[in-house]
There are 2 protein chains.
Amino acid sequence: LIEVRGVKKLYLQGEEELWALKGIDLLIRRGEFISIMGPSGSGKSTLFNQIGALDVPTEGQVLFEGQNIFDLTEPQQAWFRNHKIGYIFQTFNLITVMTALQNVALPAVFEGVGHEEANRRATAILERVGLGHRLTHKPGELSGGQQQRVAIARALVNRPSVVLADEPTGNLDTATGQEIIDILKSLNEEDGVTIVCSTHDPKMIRKSERVVWIADGLKQKEVTAAEF
Amino acid sequence: LIEVRGVKKLYLQGEEELWALKGIDLLIRRGEFISIMGPSGSGKSTLFNQIGALDVPTEGQVLFEGQNIFDLTEPQQAWFRNHKIGYIFQTFNLITVMTALQNVALPAVFEGVGHEEANRRATAILERVGLGHRLTHKPGELSGGQQQRVAIARALVNRPSVVLADEPTGNLDTATGQEIIDILKSLNEEDGVTIVCSTHDPKMIRKSERVVWIADGLKQKEVTAAEF
Ligand SMILES: Nc1ncnc2c1ncn2[C@@H]1O[C@H](COP(=O)(O)OP(=O)(O)OP(=O)(O)O)[C@@H](O)[C@H]1O
Ligand SMILES: Nc1ncnc2c1ncn2[C@@H]1O[C@H](COP(=O)(O)OP(=O)(O)OP(=O)(O)O)[C@@H](O)[C@H]1O
Ligand SMILES: [Mg+2]
Ligand SMILES: [Mg+2]
């Protein structure tokens, strides 16, 4: 259960005040599959950074199972980010000097799993997203859609209870995109993983239980699957 | 007129040979609007690098108006890349320490235009892609779709005769994506600009005169608009 309460985010652009989020209230239930849609620049990624405890709201708060993550100690926060949340970044944020396998194994290594087990888990999830034949490639030796899938695999390797997927199919053809959506859907249905996607992809919307519309830093409306 | 003749591209992955392109023949007529589709990892971006003279084929050649760009001198090649071709990269490749305006003005400055004129042109094209209110933001202060639009603006600022757009709408919502497609379509219809897009976006396909399918480093088929 994630609660976003009155979250605002201010960026200072020189003298100018830019409110990227102007007061968002959102409740995400455990095990839900929810999509967040809205125009480019509307605040989706900024909202994800607040939910994933990567950034502090200027006003308001984010509660995870009733707990404000920023009230925890630094080591507790780090543990939370590594164990509870799998974050798929819109711009991937892969480590360019490491291979696909090393990139995906890293969160498992941080979790305290030995190197052999970390590599085994990373290999399994990379095979699942169709990259079993690209383990030794560095990001610069991968296509755009392959880099996106490494970012997806990395977010899933520690079997998080919440996946925050920021436009996870933007660089994928229809067939590959559908495979990724099916993986997320099965994690949701079989393992009860809460999935929160920011997306422009109708295939993702189709699999969602609820769609939240964001525009200009505010929540515009929500629709449940029954309604679309 | 661009002619791709028997183009192959080999990457060496340690001991292993990886043929990303296995022999591509393609003719692109002046003023055409053509989309290239295919699965993730099939070779589209690699093909674009050959067409845009950013990379040399392992075998085969690319001729631009009958001329092999790599037979030109280094300064002539640089001139060609700056004047004739506008390249929109799949991963944007923006300069992170420069603002949106500076990023877009840079090719105009390289073209020999004065700073004032470069800034004027850059501002105009940034306004056209809906970023007139983001001129002073650096890439890290922009959303994913805004970064994509800066990359698009930069490719268009020198009014090239050919635009190579590698998945230009991947990070854009439907409405913003359509605006970009309409801009490319009008450049094509009004100014005779040749547009070559790699895309997974049905909205782009709909506006194309011809669609070329690539899979596993080979051209699978071509269809003309009349047929779809
Ligand atoms: N430097 C490299 N070394 C080794 N292999 C590479 C290198 N660059 C690309 N590849 C491989 O070449 C193949 C083609 O890559 P390319 O980027 O052209 O694909 P693409 O069709 O653009 O895919 P996408 O739709 O995901 O962007 C991929 O399988 C990729 O792993
Ligand atoms: N560090 C920053 N400083 C100033 N403005 C910023 C900063 N980061 C983001 N912004 C602005 O905040 C707004 C929201 O950005 P955000 O990345 O959340 O949008 P988004 O909905 O994810 O868009 P997209 O669909 O294009 O990815 C944008 O207009 C952007 O220009
Ligand atoms: Mg975003
Ligand atoms: Mg590509």
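For clarity, every value in this text was computed on a predicted model and none was experimentally measured. Here is the naming used below: chain letters follow the sequence lines, and residue numbers restart at 1 for every chain.
- For a residue to count as touching a neighbouring chain, one of its non-hydrogen atoms must lie under 4.5 Å from one of that chain's; by this rule A:Gln146 touches chain B with backbone and side chain alike.
- Note: B:Gly170 leads B:Pro202, B:Gly170, B:Gly177 in heavy-atom pairs under 4.5 Å with chain A.
- For B:Asp216, the CG atom counts as loosely surrounded, since its 6.0 Å shell holds 12 or fewer non-hydrogen atoms of other residues, nucleotides or ligands.
- In terms of heavy-atom pairs under 4.5 angstrom with chain B, the leader among A:Arg149, A:Gln148, A:Lys44, A:Gln147 is A:Arg149.
- Only the side chain of B:Leu18 has a heavy atom closer than 4.5 Å to any heavy atom of chain A.
- The contact list for residues 32-40 of chain A toward chain B, using heavy atoms and a distance under 4.5 Å, reads A:Gly38, A:Pro39, A:Ser40 by residue number.
- Among A:Leu172, A:Asp166, A:Thr176, the residue with the largest count of heavy-atom pairs under 4.5 Å with chain B is A:Leu172.
- A distance of 13.0 Å separates CD1 of B:Ile214 from CG of A:Asp173, quoted to the nearest 0.5 Å.
- Side-chain contact between B:Glu167 and A:Asn171: present, with at least one pair of heavy atoms (C-beta onward) separated by less than 4.5 Å.
- Contacts from residues 129-141 of chain A to chain B, taken as heavy-atom pairs separated by less than 4.5 Å, involve A:Arg134, A:Thr136, A:His137, A:Glu141 in sequence order.
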